[in-house]
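To start, the structure under review is shown below, and the notes come after it.
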Amino acid sequence: MCGIAGMVGGAPARPTLEAMLGALEHRGPDDRGVHLGDDVALGMTRLAIIDLVTGRQPMSSDDGATTIVYNGEVYNFRALREALQSRGHRFHTQSDTEVILRAWEAEGQRCVERLRGMFAFAIWDARRRVLFLARDRLGKKPLYYWHDGGSFVFASEIKALLCHPGPGRAVDWTAWHHYLAYGYTPASRSAFAGIHKVPPGHTATLASGLFTTRRYWSLPAAPAAAPRLELPELAERIRHEIREAVRLRLESDVPLGAFLSGGIDSSVVVASMREVTSGRIATFSIGFGAAAASYDELPFARQVAARFGTEHHEDVLEPKAAELAPQIVRGFDEPFADSSAIPTLAVAAATARHVKVALSGIGGDETFAGYPRYLGVRAS
C-alpha cells in the first residue's frame, strides 16, 4: 500500500505537497519522492514490495517528459515487460512502475486495458500538458480528486486533499443518503461536497483545464446461450481461477503471509498458496477470548494451518471498539458501515509485526453470495 498525491495549476507549492504526503505516510513509510514542474507537482510515499532498490518514485521517462506516481501491483508486469522489450523498449529497473510508464509511451491511454492487477496511478505528460489518471477494474485502490477549473488536486485519501487550501469540508448530502442506503458511498461521490472518486474501471484526463472520464471496463454479462456445465467441471474451473489468482499475487521481494480466520474464504486462499509454492507460508489468526467464544474460529484456523504446514501465528485480543474507533475513522476518511473493520484492523496490526504483505479471503462472500441477504436471490 503506497500513497500518491499531486496537483496541476494554481501555482503548485512544495510545502502543500509535502503536507499531503505527510498525511499519506502511513501508507508508505519506506520512501518519499517529489517531482516539481512548471505548473505540476507529483508526490509518492512508498511501501516497497517489488524492486526495492531501483523502483523509486516519481519515475520519469528517459527524456524526462513523462512522469508517473503509482500505488498498487500489476501482477502480469513480467509478461508485459517482455512484450514491450520485444518491441524495442529498454528498461532500467525491475519494477512494475516502469512497465506502466513504458506501456503508456507505447499505447497511450489504452495501456490500462493490458494491466492485470490493483492500481491507481497518475501520469503527467509535459509535452502535451496532460494529466492521465487510472483506477483498477474493481476499485481496490482509492483515488480521490478535487477540481475548481483553475486547480486540480488528487490523492489516495481524502485527508491528503484537505491539506490543500482548495477543498472544503462541507457535506455532500446526496452521498450521505447513499451511505444510509448502502453502508458506503458508491461511484464517483464522497462524503465531502466537491471531492470525488475516479470510479472503478475508469480513466480520467485533465487537458487544457477540461476534466473527462472514460470507462475502460465493465463486468461482462453472462452469455445468453451459455452451455450448462455440470458441478464437477464448474468446481474445477473455479479452483483453477482461484489458484491462478493466488499464484499471481505471490510476486514479492519481501516476505508475505495470509490472514487465516478458519472460514472457507481464507482457508481456500491458504490451500491455493500451498498448491503453487513449497516454500514458507506464514498465517495469522486473531481470537477474541472467552467472552466471544461463540464466533471464535481459532480452532478451525489451527486445523487449516496444520493441514497445509504453515508457520502459524495467533493473537488472542479483547479489543475495545470505542478505543479503536478514532483509528478506524482516520483510516476510512468517510463513513463506512462495516463492523468487520475492527477485527481486520486487529489482525493487520498483528501481522505487520512479521510480514509486510498478506493475502486475505476478503471479497469471497460478495463473489459467491455467501451472506444471508443473498438467500432472497436464491428463492426468487
Side-chain angles (χ1 to χ4, degrees), residues 3-25 27 33-45 58 66-71 109 112 120-135 139 141-179 184-216 330 332-335:
I4 62 174
M7 59 194 94
V8 177
R14 180 165 188 143
T16 301
L17 181 62
E18 292 287 2
M20 295 173 69
L21 295 179
L24 297 174
E25 188 171 8
R27 298 181 64 91
V34 169
H35 169 84
L36 299 176
D38 291 339
D39 59 353
V40 63
L42 304 176
M44 191 263 192
T45 62
T66 308
T67 303
I68 183 174
V69 287
Y70 153 62
N71 166 36
Q109 296 186 21
V112 69
F121 64 84
I123 294 177
W124 171 248
D125 188 324
R127 274 191 294 262
R128 294 190 296 155
R129 317 298 294 173
V130 168
L131 180 71
F132 177 72
L133 306 173
R135 192 172 178 206
K141 292 300 181 182
L143 188 56
Y144 294 89
Y145 68 89
W146 173 85
H147 187 211
D148 74 345
S151 298
F152 182 88
V153 191
F154 70 88
S156 296
E157 297 182 7
I158 293 173
K159 66 174 69 66
L161 290 182
L162 296 178
C163 294
H164 188 279
R169 298 170 183 263
V171 175
D172 182 329
W173 290 109
T174 298
W176 177 248
H177 294 156
H178 290 169
Y179 165 72
Y184 64 97
T185 305
S188 62
R189 310 184 87 103
S190 82
F192 295 84
I195 295 178
H196 301 275
K197 307 181 188 81
V198 175
H202 281 68
T203 62
T205 304
L206 178 70
S208 302
L210 179 65
F211 183 78
T212 58
T213 61
R214 178 182 74 91
R215 178 187 289 274
Y216 69 88
R330 179 170 176 79
F332 283 135
D333 278 352
E334 56 179 336

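These numbers come from the heavy atoms of this one structure, side chains and all, not from hydrogens, waters or symmetry mates.
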Inset, instruction - Locate the shortest heavy-atom distance separating L42 from L17; write the atom from each residue and the value. - result: O-CD2, 3.5 Å
Legend entry - Shortest non-hydrogen contact from L143 toward R135: N-NE, 4.2 Å
Inset, instruction - Hey, could you give me the CZ/OG1 distance between F132 and T205, rounded to the nearest 0.5 Å? - result: 5.5 Å
Inset, instruction - Identify the two heavy atoms, one from H147 and one from F211, that lie closest to each other, and give their separation to 0.1 Å. - result: ND1-CB, 3.8 Å
Inset, instruction - Could you tell me whether a side-chain N or O of H178 sits under 3.5 Å from a main-chain N or O of W176, the two making a donor and an acceptor? - result: no
Legend entry - Value rounded to 0.5 Å, distance of CD1 in I195 from OG in S188: 13.0 Å
Inset, instruction - Would you indicate whether the side-chain heavy atoms of M7 and F154 approach each other to under 4.5 Å? - result: no
Inset, instruction - Report yes if the distance between the aromatic ring centroids of Y144 and F192 is under 6.0 Å, otherwise no. - result: no
Legend entry - Contact summary for A5 and L21, nearest pair of heavy atoms: CB-CD2, 4.2 Å
Inset, instruction - Would you please name every residue forming a side chain to side chain contact (heavy atoms under 4.5 Å, CB included) with Y184, sequence neighbours left out? - result: Y182, P186, F336
Legend entry - From OG1 (T203) to OH (Y216), nearest 0.5 Å: 8.0 Å
Inset, instruction - Check whether any side-chain heavy atom of V198 sits under 4.5 Å from a side-chain heavy atom of T213, and report yes or no. - result: no
Legend entry - Member of R169, K159, K197 meeting the salt bridge (Lys or Arg N to Asp or Glu O under 4.0 Å) criterion with E334: K197
Legend entry - Residue among L161, I4, V69 satisfying side-chain contact (heavy atoms from CB on, under 4.5 Å) with S156: I4
Inset, instruction - Without swapping roles, check the side chain of N71 against the backbone of A120 for a donor-acceptor pair under 3.5 Å. - result: no
Legend entry - Atom CZ of R214 with >12 non-hydrogen neighbours under 6.0 angstrom: yes
Inset, instruction - Please work out which of the three classes, parallel, tilted or perpendicular, describes the rings of Y145 and F152, given edges at 30° and 60°. - result: parallel
Inset, instruction - Kindly give the heavy-atom pair with the smallest separation between D172 and S190, and that separation in Å. - result: CB-O, 3.4 Å
Legend entry - Where C163 and T16 come nearest, the two heavy atoms and their spacing: O-CG2, 4.0 Å
Legend entry - Value rounded to 0.5 Å, distance of CG in L131 from CG in L133: 4.5 Å
